[in-house]
Amino acid sequence: MTELVTSGHEAPSGWRVAVLGGGAWGTALALAMLRAGHFVRLYARDPETVAAIDRGENPRYLPGIALQPGIVATTDIAAALDGADCVLAVAPAQALRAMLAAARHHVPSGIPLVLCAKGIERDTGALLSAIVEEALPNNPVAALSGPSFATDVARGLPTAVVVAARDADLAADLAARFSAENLRCYSSDDLVGVEIGGALKNVFAIAAGAVTGAKLGASAQAAMVTRGFVELRRIGAAFGARPETLMGLSGLGDLLLTCSSAQSRNFAYGLALGQGKPLAGLPLAEGVPTAAIAARLAAERGIDAPIITAVAAILDGTVTIGQAVTALMTRPLKTETDI
């Protein structure tokens, strides 16, 4: 375990922020919090990751990016959380419950826990905020989402995101505290809308990658993304999300980014799928488990979501990409505004 010292660097003024997760996004957010003037402790399970961050790098997840001094990394989750004013939970969606179980007795009561991963729990169909509210009932929950690649944030490139909480004042306070020169944070009190947008865009990114990998053309990709957004709006409405939230950074903005670049792990996964390449060993794509649960939720609620359903079927091997495209192209015609 790395000792929690600052190696001669004075702690910046501001909050003590605990970042739970030492992957690309966790490390990038730790840098962002440091730039915003906060003292940052980062928890990672892997001792090699902790040692690398202590050296000023994280080559496994952010190769070629030098980390500025000041991040205190540790494999001790209790030490990372000790005295924290805020927690950023950056565990993958399907691992969040286990991480909260390990952290729950060490999270100071009353401090906000900010969700920084995107997804829906596969086994229960629960949004991630519901998991936090169950595990940490004495801690307000928020979510950070929007079009943001970890490498861009780590390099300090201009990025805009949304911080959402049911309490509008809390969301505004967090957004103000997290903002820095090249990170602009907007606030929202539509927590569910921000979560839905962040979770479902991963499914459509897989679809966009598959369309590109299968060489179905730019026209097909544009149509898929557009109609995918229609499905996102349908499901979002069923969960109580506001339309303007889904039109914003955490909905349409994130959808456009992740559906257009192989920097997106979900797009890259879909690309390999469309090209018929092996999928084993690819970076974690949250859209894979999310597709199955989103398709199930849509079916249970009677929501027409043919693209999500097709992605889930392709991923479980029920249909091929060609069969899915044929099924989508031969659906009954309707007016475009019939959503």
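Only heavy atoms go into these numbers, but all of them, side chains included; no hydrogens, no water, no symmetry mates.
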Cationic tip of Arg301 above Phe239 ring, under 6.0 Å, 45° of axis: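 Cation-pi check for Arg301 and Phe239: passes.
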
Tyr186 six-ring face occupied by Arg184 cation (under 6.0 Å, within 45°):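 Because its charged atom sits under 6.0 Å from the ring centre and within 45° of the axis, Arg184 does stack over Tyr186.
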
Any donor-acceptor pair under 3.5 Å from [X] side chain to [Y] backbone:
X: Thr151; Y: Phe149; answer: no
X: Trp25; Y: Cys116; answer: yes
X: Asp189; Y: Ala165; answer: no
X: Gln94; Y: Gly119; answer: no
X: Asn182; Y: Gly156; answer: yes

Hey, quick one: are [X] and [Y] part of the same hydrophobic cluster, counting side-chain heavy atoms closer than 4.5 Å, chains of contacts allowed?
X: Leu249; Y: Leu115; value: no
X: Val163; Y: Val17; value: yes
X: Phe204; Y: Phe267; value: no
X: Met99; Y: Val114; value: no

Is it the case that [X] and [Y] place a side-chain donor and acceptor less than 3.5 Å from each other?
X: Thr124; Y: Glu121; result: yes
X: Ser145; Y: Glu195; result: no
X: Asn202; Y: Thr290; result: no

4.5 Å side-chain heavy-atom contact, Leu31 and Leu67: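 With C-beta onward as the side chain, the pair touches.
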
How long is the span from the [atom1] atom in [X] to the [atom2] atom in [Y], to the nearest 0.5 Å?
X: Leu81; Y: Thr74; atom1: CG; atom2: OG1; value: 10.0 Å
X: Glu133; Y: Asn138; atom1: CD; atom2: CG; value: 12.0 Å
X: Asp54; Y: Ile71; atom1: CG; atom2: CD1; value: 10.0 Å
X: Asn266; Y: Lys201; atom1: CG; atom2: NZ; value: 6.0 Å
X: Cys86; Y: Ile111; atom1: SG; atom2: CD1; value: 6.5 Å
X: Arg265; Y: Leu271; atom1: CZ; atom2: CG; value: 16.0 Å

Could you check whether [X] pairs with [Y] (Lys NZ or Arg NE/NH1/NH2 to Asp/Glu carboxylate O, under 4.0 Å)?
X: Asp123; Y: Arg97; value: no
X: Arg331; Y: Asp304; value: yes
X: Arg104; Y: Glu134; value: no

Got more than 12 heavy atoms from elsewhere within 6.0 Å of [atom1], [X]?
X: Glu300; atom1: CD; value: yes
X: Arg242; atom1: CZ; value: yes
X: Glu48; atom1: CD; value: no

Minimum heavy-atom distance [X]-[Y], with the two atoms named:
X: Leu279; Y: Tyr269; answer: CD1-OH, 3.4 Å
X: Val162; Y: Ser187; answer: CG1-C, 4.5 Å
X: Val311; Y: Ala291; answer: CG1-CB, 4.0 Å
X: Ala32; Y: Leu183; answer: CB-CD2, 3.9 Å
X: Pro147; Y: Ala160; answer: CD-O, 3.7 Å
X: Ala126; Y: Ile131; answer: CB-CG1, 4.2 Å

Derivation of the salt bridge (charged side-chain N to carboxylate O under 4.0 Å, His left out) call for Arg16 and Asp82: CA-CA 9 Å; Arg16 297 174 71 88; Asp82 184 34; over 6 Å; no

Aromatic plane relationship, His38 with Trp15 - under 30° parallel, 30 to 60° tilted, over 60° perpendicular: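 If you compare the ring of Trp15 with that of His38, the planes turn out tilted.
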
